[in-house]
S.K.: 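Submitted below is the structure of interest, expressed as structure tokens.
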Amino acid sequence: MIQPKTYYFDSNATTGVAPDVLEAMLPYLTERWGNPSSPYRFGKQLVEPIEQARESVAALIGADAREIIFTSCGTESINTALTSSLYSQPAKRHIVTTAVEHSATKNGCAALEKRGYEVTYLPVNRDGSLDLATFERALRPDTALVSIMWANNETGVLFPIAQLAALCRQRGILIHTDAVQVPGKLKIDVNALGVDLLSLSAHKLHGPKGIGLLYVRQGTPFRGLIIGGQQEDGRRGGTENVPYIVGFGRAAALAGAISAESQRTLAALRDTLEEGILRQIPHTTRNGAKEPRLPNTTSIAFAGVEAEALLMQLDALHIRASSGSACTTGSVAPSHVLTALGLGPVEARSTIRFSLDYDTSEADVAYVLSHLPQVVADLRTAASPRAGVRPAKPHAPAEREKRSAAPVAGETDTSLSDLRSLEEKLREYVREVPLYRDAVQAGAHATWSELLGAIPFTTKQDIKTDFPRNFLRAGQSLDELVDRKLIEIEHTAGTTDNRADLLLPHGWWARQEAWALSLHAHVAQVLAEHPAARRVTISSPACNGDITYNNGTPSAKRRTLGQTRVLSLSRFPFLLSTDDLDQMVAEALEWDPVFFDTDPVYAVVFALHCERRQVKFPRLRFILTSYEYTSVLHKRILERVFGVPVYNLYGSTETGHLMMEQATGGMVASRQIAHLDVLHTDDRGIGELLVSTLTNDYMPLLNYRIGDLVERRPSASGGHTYLLHGRVQDTLKTPAGRRVTTRDVDQCFVGAEGILHYRLHETTPGHFELSYLAEGVGDPAAALAAVVPKLESLIQPTGKITVRQVKFLLPEGSGKFVFNYPFVC
């Protein structure tokens with residue numbers, strides 16, 4: 001099978017191993033695999049190739065070979081430079097760095113701060129440059145080290161390291177530079193540069209991953225980070241990684257041979273790409289200075305587009321780019337580099353970095369420019385106002401217009417005085433809170449509906465970013481508000497490791513729990529009969545601080561809070577050992593719970609193990625599944641194994657805790673929701689859920705776009721309920737134009753036996769593969785014979801759906817669509 005061409009524009013993340021490098025490494029992986037520290041010839045013959053590689057990398061940076069220490073990576077080199085400079089100068093406890101450093105420096109400094117050291121993080125200008133006067137003022141008599149990158153990995157902007165080094169020398173301060181992005185793109189001469197320490201990583205210059213270096217100028221005080229044997233002249237313990245050191249040496253020789261003319265050609269190609277994007281696509285902006293910067297890097301913000309969605313669309317076209325540093329990809333946080341340049345969270349999350357290499361061709365650039373404008377246009381067309389280029393006059397959704405006199409959800413019994421209080425509170429916020437500049441411009445006499453329409457859309461990370469400036473009034477102290485019991489702080493995680501603090505009125509959760517119980521009569525009755533009911537929470541480590549069994553079982557005390565015992569499975573629950581699961585079952589039996597509060601995917605793994613072990617929980621009365629949508633397969637298995645009803649509570653703290661009402665199959669808003677709206681509805685009334693909240697005096701009104709598809713249905717009380725249909729990114733449109741949702745697909749599996757999980761994957765446009773895990777109960781073949789025709793009738797694929805039994809599926813792919821690209825409706 002011929003593999004499609006890859007258009008690779010992410011060289012700042014990593015580069016491929018050059019053929020010459022691989023050829024140089026192979027003998028040391030196959031034939032010459034000894035230990036250089038061994039006393040016999042088979043080992044000692046490896047000393048010479050190590051030293052030859054040391055000479056080669058030293059030549060690349062203009063150093064003496066004795067000044068080179070081989071490490072495992074750039075991160076280790078940077079961390080070693082930081083700790084060595086402090087530990088070898090115990091009287092000095094201060095470091096100067098910038099706000100735009102790589103995470104190795106940024107997080108390394110943060111760790112040192114926790115040990116009592118002081119760190120000054122210098123700001124940068126809007127173009128990413130550094131003010132020299134500000135730098136000089138930051139230097140102190142107790143400054144042990146200045147650590148500033150030479151070239152920024154996201155914007156390519158260069159810092160004047162030689163000038164900074166001269167200022168440091170005048171004051172007797174050591175200076176280190178992270179030069180990981182520089183080799184092959186600029187000439188490196190450590191003597192002309194004047195630095196004391198410098199870090200490199202081989203995989204950025206077509207060498208292997210897992211090998212780096214730290215340059216330490218002769219005479220610089222040094223204390224090693226990794227203590228062991230006498231390798232690296234006693235400066236870095238650990239058996240030498242001979243094949244990788246040899247590969248690094250060969251890669252350094254290749255990088256050193258790159259001519260200035262080749263570098264100018266690369267810069268011209270970068271400019272062609274950058275100018276083409278800025279010219280062809282409106283509302284695009286380059287981040288950072290045009291010069292001086294690396295010849296291969298451009299960072300561009302695409303207003304109205306979520307970077308992750310754009311990257312996935314480009315990936316489907318075999319174009320590989322990045323939204324920032326590879327060491328922070330996966331985080332929902334906006335890039336700290338871009339926010340330091342003054343970009344807001346929305347702008348930062350709309351940014352793509354393109355980083356070229358010497359094998360990038362004019363045809364590659366032309367391919368990107370031929371596809372990128374249409375991809376951006378399509379995403380902007382489909383985006384909600386939050387992610388999009390805002391219209392000149394904000395338009396409130398029709399549902400808001402109809403209910404402008406009743407801003408609180410119709411299911412509540414809010415009085416007229418309460419409504420007036422909410423409106424007064426909102427007007428106060430738009431006068432005082434920076435986030436509401438658009439609303440202020442709407443005028444003091446704007447209607448409630450006009451004010452709501454002007455409030456910017458917000459995400460959890462927006463709340464976390466610069467919280468005091470954006471949310472608290474002048475003079476307010478977060479600690480004081482908590483101490484006075486005016487608020488309580490809710491730490492949320494969702495499905496990420498980035499926790500955001502939300503301010504809730506004191507007693508919030510007690511009121512929410514009482515309200516939720518009013519929707520679930522059976523649950524309320526059981527809890528009334530068992531006032532001290534114990535529960536077991538079974539969920540992912542992201543929701544419980546990585547308290548997992550296969551990371552080393554923590555104490556039961558650490559995982560117990562009140563009446564709750566937490567059992568967190570691995571991020572990959574199907575890879576847990578039977579010993580881990582046996583221990584979890586034993587703990588759960590010892591706790592003797594009245595109910596489970598679970599993530600449905602993780603709970604099913606636990607349930608099936610209980611079934612195999614014939615374990616019963618005598619006091620168990622019901623199961624609450626939350627955290628995400630519960631598929632019919634998971635619900636069936638939980639009910640069969642435990643023999644109790646399963647209630648689906650779909651909760652969202654950020655939006656006032658939406659509840660799934662089992663009796664009617666729909667969500668209703670909590671009493672402190674200001675509005676529920678459904679955007680971009682189709683002919684069935686299914687659209688994207690938007691929630692506007694105004695919970696208390698300290699947490700302002702938020703327009704929160706959850707990303708769920710819901711169906712608005714009239715309720716008996718005259719308001720509405722909302723039926724969950726999955727996530728926006730998990731939907732597709734059939735050739736006939738009908739939207740197919742997660743719920744539609746899931747309903748095809750009603751009554752299916754023998755299937756535990758499934759993933760419907762569009763392998764190429766119009767062609768689908770159904771991967772499934774066999775449950776071990778029932779006949780999968782019979783179930784599939786019934787399910788596949790239903791799916792084909794529903795989604796109308798180009799050809800027949802292929803079926804494949806697998807042994808492992810990620811939980812994120814279970815009961816959901818998984819595409820090569822997001823099919824935006």
Side-chain angles (χ1 to χ4, degrees), residues 5-18 74 100-104 128 149-159 178-186 188 200-207 209 251 254-255 258 262-278 284-302 307-308 310-312 314-315 317-330 335-338 341 348 350-369 371-372:
K5 175 178 170 57
T6 292
Y7 299 87
Y8 190 73
F9 288 82
D10 199 18
S11 294
N12 284 10
T14 194
T15 58
V17 175
V100 296
E101 298 296 310
H102 186 273
S103 56
M149 63 190 347
W150 189 352
N152 187 267
N153 50 305
E154 293 191 31
T155 64
V157 171
L158 301 177
F159 285 127
D178 164 10
V180 165
Q181 295 294 342
V182 176
K185 303 163 192 171
L186 302 173
I188 306 175
L200 292 184
S201 183
H203 76 99
K204 306 291 187 178
L205 55 146
H206 295 282
K209 300 174 184 66
L254 295 174
I258 295 172
S262 296
Q263 293 168 354
R264 287 191 289 270
T265 301
L266 181 63
L269 198 57
R270 183 269 320 274
D271 291 344
T272 299
L273 173 65
E274 180 178 278
E275 291 163 7
I277 292 173
L278 298 177
T284 51
T285 310
R286 183 186 64 249
N287 299 315
K290 185 173 178 63
E291 293 296 341
R293 61 173 166 160
L294 292 173
N296 76 318
T297 305
T298 180
S299 170
I300 297 179
F302 296 82
E308 295 306 317
L310 177 54
L311 289 173
M312 292 180 72
L314 293 177
D315 189 43
L317 297 166
H318 312 293
I319 300 169
R320 321 301 187 207
S322 171
S323 59
S325 169
C327 292
T328 57
T329 296
S335 160
H336 70 277
V337 172
L338 299 179
L341 267 62
S350 70
T351 291
I352 298 294
R353 177 189 71 187
F354 297 91
S355 48
L356 290 67
D357 202 359
Y358 290 101
D359 58 0
T360 305
S361 67
E362 293 182 3
D364 295 342
V365 170
Y367 180 83
V368 172
L369 292 176
H371 289 86
L372 185 59

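None of these values were measured; they are calculated from a predicted model. Both backbone and side-chain heavy atoms feed into the values below; hydrogens, waters and symmetry mates do not.
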S.K.: Test Ile277 against Leu369 for side chain to side chain contact (heavy atoms under 4.5 Å, CB included), laying out the working first.
M.R.: CA-CA 7 Å; Ile277 292 173; Leu369 292 176; 3.8 Å; yes
S.K.: Are Val180 and Asn153 close enough that some pair of their side-chain heavy atoms sits under 4.5 Å apart?
M.R.: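 Counting from C-beta outward, Val180 and Asn153 never come under 4.5 Å.
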S.K.: Check whether any side-chain heavy atom of Leu273 lies under 4.5 Å from a side-chain heavy atom of Thr360, and answer yes or no.
M.R.: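 No, every pair of side-chain atoms sits at 4.5 Å or beyond.
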S.K.: Of the non-hydrogen atoms in Val182 and Ala151, which two are nearest, and what is the gap between them?
M.R.: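 The answer is CG2-CB, 3.9 Å.
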S.K.: Closest approach of Ala179 and Leu200, non-hydrogen atoms and distance?
M.R.: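 That would be O-CD2, 3.2 Å.
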S.K.: Measure the spacing between OG1 of Thr297 and CG of Leu266 and express it to the nearest 0.5 Å.
M.R.: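 Rounded to the nearest 0.5 Å, the OG1-CG separation comes to 8.5 Å.
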S.K.: Report the C-alpha separation of Asp315 and Arg320 in whole Å, then their side-chain angles, then the decisive distance to 0.1 Å, and conclude whether the side chain to side chain contact (heavy atoms under 4.5 Å, CB included) test is met.
M.R.: CA-CA 6 Å; Asp315 189 43; Arg320 321 301 187 207; 2.4 Å; yes
S.K.: Taking only residues two or more places apart in sequence, or in another chain, which ones meet Tyr7 in a ring-ring contact (aromatic ring centres under 6.0 Å, His included)?
M.R.: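 ring-ring contact (aromatic ring centres under 6.0 Å, His included) list for Tyr7, sorted by chain: Tyr367.
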S.K.: To the nearest 0.5 Å, tell me how far Phe302 CZ sits from Thr285 OG1.
M.R.: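 Those atoms lie 10.0 Å apart.
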S.K.: Identify the two heavy atoms, one from Leu310 and one from Leu372, that lie closest to each other, and give their separation to 0.1 Å.
M.R.: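 Taking Leu310 first and Leu372 second, the nearest heavy atoms are CD1-CD1, 4.0 Å.
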S.K.: Please assess Leu278 against Thr284 for the test side chain to side chain contact (heavy atoms under 4.5 Å, CB included), listing each intermediate value before the final yes or no.
M.R.: CA-CA 6 Å; Leu278 298 177; Thr284 51; 3.6 Å; yes
S.K.: Between Ser322 and Asn12, do the side chains contain an N or O donor and an N or O acceptor separated by less than 3.5 Å?
M.R.: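 Short answer, no.
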S.K.: Sequence neighbours left out, what passes side-chain contact (heavy atoms from CB on, under 4.5 Å) with Thr272? Give chain and number order.
M.R.: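 Once residues adjacent in sequence are excluded, the partners of Thr272 under the side-chain contact (heavy atoms from CB on, under 4.5 Å) criterion are Val365.
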S.K.: Hey, is the main chain of Thr15 close enough, under 3.5 Å, to the side chain of Lys204 for a donor-acceptor pair?
M.R.: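 Checked: no pair found.
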S.K.: May I ask you to test the Asn296-Gln263 pair for a side-chain heavy-atom distance under 4.5 Å?
M.R.: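 Counting from C-beta outward, Asn296 and Gln263 never come under 4.5 Å.
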S.K.: For the residue pair Phe159 and Gly128, what are the closest heavy atoms and their distance?
M.R.: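 That closest heavy-atom pairing would be CE2-O, 3.4 Å.
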S.K.: Kindly write out the residues that satisfy side-chain contact (heavy atoms from CB on, under 4.5 Å) with Thr265, not counting sequence neighbours, or none if the list is empty.
M.R.: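 Testing Thr265 for side-chain contact (heavy atoms from CB on, under 4.5 Å), a comparison that skips the adjacent residues, returns Glu261.
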S.K.: Supply the atom-to-atom distance Thr155 OG1 to Leu338 CG, rounded to the nearest 0.5 angstrom.
M.R.: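 So the gap between those two atoms works out to 8.0 Å.
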S.K.: I'd like to check the side-chain hydrogen bond (donor to acceptor under 3.5 Å, both in side chains) partners of Ser11; sequence neighbours left out, ordered by chain and number.
M.R.: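 Ser11 satisfies side-chain hydrogen bond (donor to acceptor under 3.5 Å, both in side chains) with no other residue.
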S.K.: Check Glu308 against Ser323 and note the closest heavy-atom contact, atom names and distance.
M.R.: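 Glu308 and Ser323 have their closest heavy atoms at OE2-OG, 2.9 Å.
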S.K.: For residues 284-294, which residue pairs qualify under salt bridge (Lys or Arg N to Asp or Glu O under 4.0 Å), counting only residues two or more places apart or in two chains?
M.R.: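 Residue pairs with at least one partner in residues 284-294: Arg270-Glu291, Asp271-Arg293, Glu274-Arg286, Glu274-Lys290, Glu274-Arg293.
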S.K.: Within the side chain of Gln181, is there an N or O that forms a donor-acceptor pair under 3.5 Å with the backbone of Asn152?
M.R.: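 Pair absent, no side-chain N/O of Gln181 close to backbone of Asn152.
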S.K.: Which heavy-atom pair separates Tyr358 from Ser262 by the least distance, and what is that distance?
M.R.: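 Nearest pair, atom of Tyr358 first, then Ser262: CE2-O, 3.5 Å.
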S.K.: Report yes or no: does Asp178 contribute a side-chain atom to a donor-acceptor pair with the main-chain N or O of His102 at less than 3.5 Å?
M.R.: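 Such a contact is absent between Asp178 side chain and His102 backbone.
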S.K.: Drop me the distance from Met149's CE to Glu101's CD, to the nearest 0.5 angstrom.
M.R.: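 The CE atom of Met149 sits 5.0 Å away from the CD atom of Glu101.
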S.K.: Using a 3.5 Å distance criterion without hydrogens, assess whether the side chain of His206 forms a donor-acceptor pair with backbone atoms of Val17.
M.R.: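 Not a single qualifying donor-acceptor pair exists.
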S.K.: Scan for salt bridge (Lys or Arg N to Asp or Glu O under 4.0 Å) pairs involving residues 355-368, sequence neighbours excluded, and state none if there are none.
M.R.: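 Counting only pairs at least two positions apart or across chains, the salt bridge (Lys or Arg N to Asp or Glu O under 4.0 Å) contacts touching residues 355-368 are Lys5-Asp364.
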S.K.: Using the side chain to side chain contact (heavy atoms under 4.5 Å, CB included) rule, take Phe9 and Ile352 through it: C-alpha gap first, then chi angles, then the decisive distance, then the call.
M.R.: CA-CA 10 Å; Phe9 288 82; Ile352 298 294; over 6 Å; no
S.K.: Report yes or no: does Thr6 contribute a side-chain atom to a donor-acceptor pair with the main-chain N or O of Tyr8 at less than 3.5 Å?
M.R.: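 Checking the backbone N and O of Tyr8 against the side chain of Thr6, no donor-acceptor pair under 3.5 Å is found.
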